[in-house]
Amino acid sequence: MPAPAPSGPVLSGAGLFAVLLATVLSTMDAFIVNVALPSIGAELGAAPAALELVVAGYAVSYAALMVLGGRLGDAHGRRRMMVLGLIGFGAASLLCGLAVSPAMLVAARIAQGAAAALLLPQGMATIQATTSGPQRARAMGMFGATVGVALAFGQVLGGLLVAADVAGTGWRAAFLINVPLVAVTAVLLRRTVPDTRSERPAPPDRIGALLLGAAMVLLLAPLTEGRAAGWPVWAWVCLAAFPVAAWAFAATQRRAERAGRVPLLPPSLLALPGMRRGVPVMMLSMAGFSGFLFTAAVSLQNGLGLGPVAAGCSLVPYAVAFFASSVLGPRLAPRLGGRAVTVGIGIQLAGLAGLVWAVASAWSTTAPLTTVLWLALPLAVVGFGQGMHLPVLFRVVLADVPPERAGVGSGAMGTGQQIAMASGIALLGALFLHLLPRIGIGEAFAWTIAAQALSAVVNLGLSLRLRDGR
């Protein structure tokens with residue numbers, strides 16, 4: 001059965017805006033730094049491995065601590081943890097902008113990811129605990145739209161900030177811009193968002209947190225760093241050790257729940273229908289989403305010779321369509337019933353097929369601007385389909401989670417997203433880079449999109465298991 005409607009405070013429109021603004025900050029920084037990496041390397045003398053750690057450090061700490069962040073919000077107040085996370089995020093952003101060495105920048109990025117892990121689960125949990133019915137559907141639709149657009153536009157904004165060279169700050173502006181935004185957002189959160197928490201907060205699960213963090217590091221560190229480092233021995237050792245750490249974590253969680261304690265990630269929570277059926281669909285979608293953004297950025301810049309800003313702007317049809325359908329999706333979902341996700345994935349699949357055809361037809365036979373125009377329509381179709389089903393999926397995954405467990409459920413979903421995004425970049429990126437020297441960048445891009453389309457076919461089948469929106 002769906003979780004009962006909240007009986008406490010209700011989230012206002014201004015409060016939802018504040019939550020979404022906080023979500024933009026933590027989500028966009030996962031990608032905003034990508035286009036600034038060459039400038040960072042030149043100024044700080046950072047080696048390629050150190051530059052990869054600037055990206056990977058954020059992703060790994062973000063994913064490893066997400067469930068713990070949700071648990072802290074359940075116990076100590078979600079708004080309080082969101083504000084504390086924002087303050088930490090702003091302080092870490094300032095340190096990133098003031099970094100004088102690669103080591104300092106990497107350390108600050110790890111701290112930034114940890115603060116984001118405290119911040120992001122509270123937004124989803126607050127929506128879950130303070131809304132119900134159509135209001136929740138609209139709020140989750142806006143949340144999904146915000147996440148997607150923040151990811152899609154992160155690289156555009158990063159390119160604009162680097163190119164603008166605000167007050168001579170260059171790449172540092174991509175981090176320093178967070179400081180005033182954090183201050184404004186923190187004030188808005190304090191004034192407009194009710195502070196909710198679990199009525200029966202559980203004591204901390206230190207062993208569970210340690211094992212989950214270790215498992216996430218063992219998985220995500222080699223996925224994000226291994227390719228750039230040439231897949232050294234340590235990467236394979238970490239990947240081999242991951243199943244052991246994951247098994248140990250799962251075993252401790254089952255044992256704790258059987259003993260009547262509340263583990264970090266209760267197995268009974270993952271067994272809820274929405275979680276069990278929705279998380280695999282969400283992870284495949286997010287993996288394809290992130291892998292596509294990575295290969296598209298490389299292909300548009302290295303293949304068509306576009307600059308970072310122009311390459312980012314080429315994805316505007318995708319991002320605009322994603323946002324439009326994210327807003328429209330919750331309104332269509334009641335009419336489509338349990339097939340809203342399936343319809344969205346089907347539209348995305350049609351767009352991917354059109355994108356493969358457009359890349360294969362126009363990449364090497366037309367001017368770069370003409371190629372971009374050829375890609376615009378299928379990109380918009382892909383974005384529309386993805387935006388239509390992802391926000392609905394967020395609601396599906398959390399549909400059965402009771403309000404007192406909203407933080408844990410949101411953290412679990414966020415962790416799944418981060419694992420999927422890192423895996424998507426690693427797998428689709430590896431395929432793309434493997435094909436690149438053999439068949440050229442255009443055909444490699446087309447085959448990579450085809451691989452994403454194949455995963456969408458699998459996802460289409462998985463989505464048929466979602467009944468009545470769950």
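Computed from a predicted structure; not experimentally measured.
- Under the 4.5 Å side-chain criterion, counting only non-hydrogen atoms from C-beta, Ser285 is in contact with Leu393.
- Between Phe89 and Tyr58, the ring planes lie perpendicular to each other; the angle is over 60°, past the 30° to 60° tilted range.
- Within 6.0 Å of atom CD1 in Ile207, 12 or fewer heavy atoms from other residues, nucleotides or ligands are found, so the atom counts as exposed in its surroundings.
- Heavy-atom minimum distance, Ala92 versus Ala111: CB-C, 4.0 Å.
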Please lay out, stage by stage, how Leu218 and Leu239 fare under the test side chain to side chain contact (heavy atoms under 4.5 Å, CB included). CA-CA 6 Å; Leu218 289 170; Leu239 288 174; over 6 Å; no
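- Panel note: side chain Asp195, backbone Arg79; a donor-acceptor pair is recorded below 3.5 Å.
- The shortest distance between side-chain heavy atoms of Gln386 and Tyr318 falls below 4.5 Å.
- Paired with Val281 under the rule side chain to side chain contact (heavy atoms under 4.5 Å, CB included), one option of Leu390, Thr342, Ile345 passes, and it is Ile345.
- Side-chain contact between Leu379 and Val382: absent, with no pair of heavy atoms (C-beta onward) separated by less than 4.5 Å.
- For Trp234, the CH2 atom sits in a packed shell: over 12 heavy atoms of surrounding residues, nucleotides or ligands are nearer than 6.0 Å.
- Between Trp363 and Ser299, the closest side-chain pair of non-hydrogen atoms falls below 4.5 Å.
- Nearest heavy-atom pair across Gly278 and Val397 is C-CG2, 3.7 Å.
- Leu189 and Ala22 get closest at one heavy-atom pair: CD1-CB, 4.5 Å.
- Screening residues 109-123 for side-chain hydrogen bond (donor to acceptor under 3.5 Å, both in side chains) gives Asp29-Gln112, Ser93-Gln112, Arg109-Gln112 as the qualifying pairs, with residues at least two apart or on separate chains.
- Side-chain contact between Leu375 and Ser314 is absent, with no heavy-atom pair separated by less than 4.5 Å.
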Step by step, would you call Arg339 with Leu464 a side chain to side chain contact (heavy atoms under 4.5 Å, CB included)? CA-CA 7 Å; Arg339 294 292 170 255; Leu464 295 175; 4.3 Å; yes
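- Checked by atom type, the side-chain pair Thr196/Arg78 shows a donor-acceptor distance below 3.5 Å.
- Counting non-hydrogen atoms of neighbouring residues, nucleotides and ligands closer than 6.0 angstrom, the CZ atom of Arg190 reaches no more than 12 such neighbours.
- The side-chain heavy atoms of Leu118 and Leu65, taken from C-beta on, include no pair separated by under 4.5 Å.
- Without hydrogens or angle criteria, Ser26 side chain to Ala116 main chain gives no donor-acceptor distance under 3.5 Å.
- A donor-acceptor pair under 3.5 Å is formed between the side chain of Arg71 and the backbone N or O of Pro263.
- Of all non-hydrogen atoms in Thr192 and Ser12, the two that sit nearest each other are O-OG, 3.8 Å.
- For the pair Ala451 and Leu428, the tightest heavy-atom approach, listed with the atom from each and the gap, is CB-CD2, 4.1 Å.
- The side-chain hydrogen bond (donor to acceptor under 3.5 Å, both in side chains) search around Gln452 returns none, not counting sequence neighbours.
- For Ser325 (side chain) and Phe322 (main-chain N/O), a donor-acceptor pair under 3.5 Å exists by modelled atom type.
- Counting heavy atoms from C-beta outward, Arg277 and Val396 have side chains that stay 4.5 Å or more apart.
- The nearest pair of heavy atoms linking Ala115 to Gly85 is CB-O, 3.5 Å.
- In this structure, the side chains of Glu443 and Leu435 stay at 4.5 Å or more apart for every pair of heavy atoms.
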